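What you see is a predicted model, and the numbers here were worked out from it, not measured in a lab. All residue numbers in this chain count up from 1 along the given sequence. Just follow the structure's listing: the first ligand is 1, and inside any ligand the first atom is 1.
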Amino acid sequence: MRAAVWHAAGDIRVEDRAEPADPAPGQAVVEVSMCGICGTDVHEFTEGPVIIRPAAHPLTGHRPPVVLGHEMSGTVRAVGDGGPADLAGHRVTVDPCWRCGTCYWCLRGDYHICRIGGSVGLASDGALAALVTVPTAGLVPLPDVVDDLAGALIEPLAVALHAVRRGGVGPGDRVLVLGAGPIGSALILAAIAAGAAEVFVSDPVAGRRAHALGLGAAEAFDPQESDVRREVFLRCGRVGPDVVFEATGIAPLASQAVEAARRGGTIVLLGVGHGTAELRPISVTAFERTVIGSLGYNQDLPRAVALVASGRIDPRPLVTSVVPLDRVVPDAFEPLAAGGLGQVKILVDVKGVAAQG
Ligand SMILES: [Zn+2]
Ligand SMILES: [Zn+2]
């Protein structure tokens with residue numbers, strides 16, 4: 001089968017790979033329809049290995065090269081012994097977290113921060129291929145009203161929903177999102193669905209700002225042109241936003257996010273960055289701000305499916321292009337690595353289903 005395989009930074013090849021083996025207990029094999037490119041995938045392309053482990057993964061035993069892709073829709077082809085056999089033939093999306101099931105965190109239900117957990121498409125071969133092996137615990141059926149294109153957007157939407165829930169966004173809240181890439185854009189949709197009155201966005205890329213406005217952002221600022229903290233402060237009645245999301249992973253923006261929240265407000269850090277940021281502790285203590293981390297999702301994919309199925313969220317405007325698997329490097333990884341160029345969410349049409357609309 002054809003697959004997009006990460007070999008090293010700057011070296012992703014679309015090549016022929018063996019089909020996955022029959023699924024073991026706890027696993028299922030999914031025939032992929034569509035798969036999104038994640039910011040994480042782009043980081044692996046530009047500067048990896050970042051999350052990919054160069055040696056054998058402690059849970060899966062997998063070592064690179066690895067097929068990327070963890071934002072998928074498809075159809076269950078086979079289920080391992082003892083699994084939900086009735087799901088065979090069903091359309092699904094997938095929570096791609098592999099989890100050990102026995103560590104302190106797994107036993108608490110916090111499988112997404114499992115001590116040795118990892119994701120399909122990073123810790124094992126992923127969904128930028130015709131077939132992918134996934135955890136049965138992650139299978140999430142898709143109702144007919146959620147098509148394959150929307151189905152491939154459930155995972156990033158779940159990241160946003162998780163962060164919105166972590167940040168406690170509620171009706172009437174005012175929200176600032178730093179970064180209008182795929183996750184920042186999904187945050188706009190999730191915050192509005194949670195009842196936010198206004199969502200402000202900051203991003204230096206004009207195309208992404210325009211896209212954010214199309215998703216319902218109240219205003220989108222260029223941080224190179226304006227003092228975003230002050231502009232948003234003024235627009236929030238000289239109080240400031242209730243919740244600020246840092247969705248870029250650019251470390252210094254974490255401190256800017258803290259300074260931008262209102263007194264008593266909440267800052268959610270969900271960009272994945274490894275740099276350091278300066279923190280003035282008094283900015284947290286003296287104003288009783290709350291700083292929260294948010295990683296991925298914990299049972300948020302079924303919520304995302306329900307919101308899309310009910311029409312409360314239409315995730316399809318997140319998509320800025322759909323590309324065939326064979327073109328994934330020049331048409332997806334390269335433009336995204338070049339800073340977006342106005343691209344936000346690129347989907348890969350793995351199965352060859354023509355994107356409708
Ligand atoms: Zn992702
Ligand atoms: Zn665990």
If we count only N and O atoms by modelled type, under 3.5 Å, do the side chains of [X] and [Y] hold a donor and an acceptor together?
| X | Y | answer |
| --- | --- | --- |
| Trp98 | Ser119 | no |
| Glu246 | Thr248 | yes |
| Gln343 | Ser321 | yes |
| His162 | Gln299 | no |
| Glu259 | Ser283 | yes |
| Asp95 | Tyr111 | yes |

(request) Check the pair Phe245 / Leu178 against side-chain contact (heavy atoms from CB on, under 4.5 Å), numbers first and verdict last. (result) CA-CA 6 Å; Phe245 294 93; Leu178 303 183; over 6 Å; no
(request) Could you tell me whether the Zn ion (ligand 1) has an N, O or S atom of Asp41 under 2.8 Å away? (result) no
(message) Closer than 2.8 Å to the Zn ion (ligand 2), what protein N/O/S atoms do you find?
(response)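 As for protein N, O or S atoms lying under 2.8 Å from the Zn ion (ligand 2), they are Cys100 SG, Cys103 SG, Cys106 SG, Cys114 SG.
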(request) State, to the nearest 10 degrees, the angle whose vertex is the Zn ion (ligand 1) and whose arms point to NE2 of His70 and OE2 of Glu71. (result)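 Computed angle, vertex at the Zn ion (ligand 1), rounded to 10 degrees: 110°.
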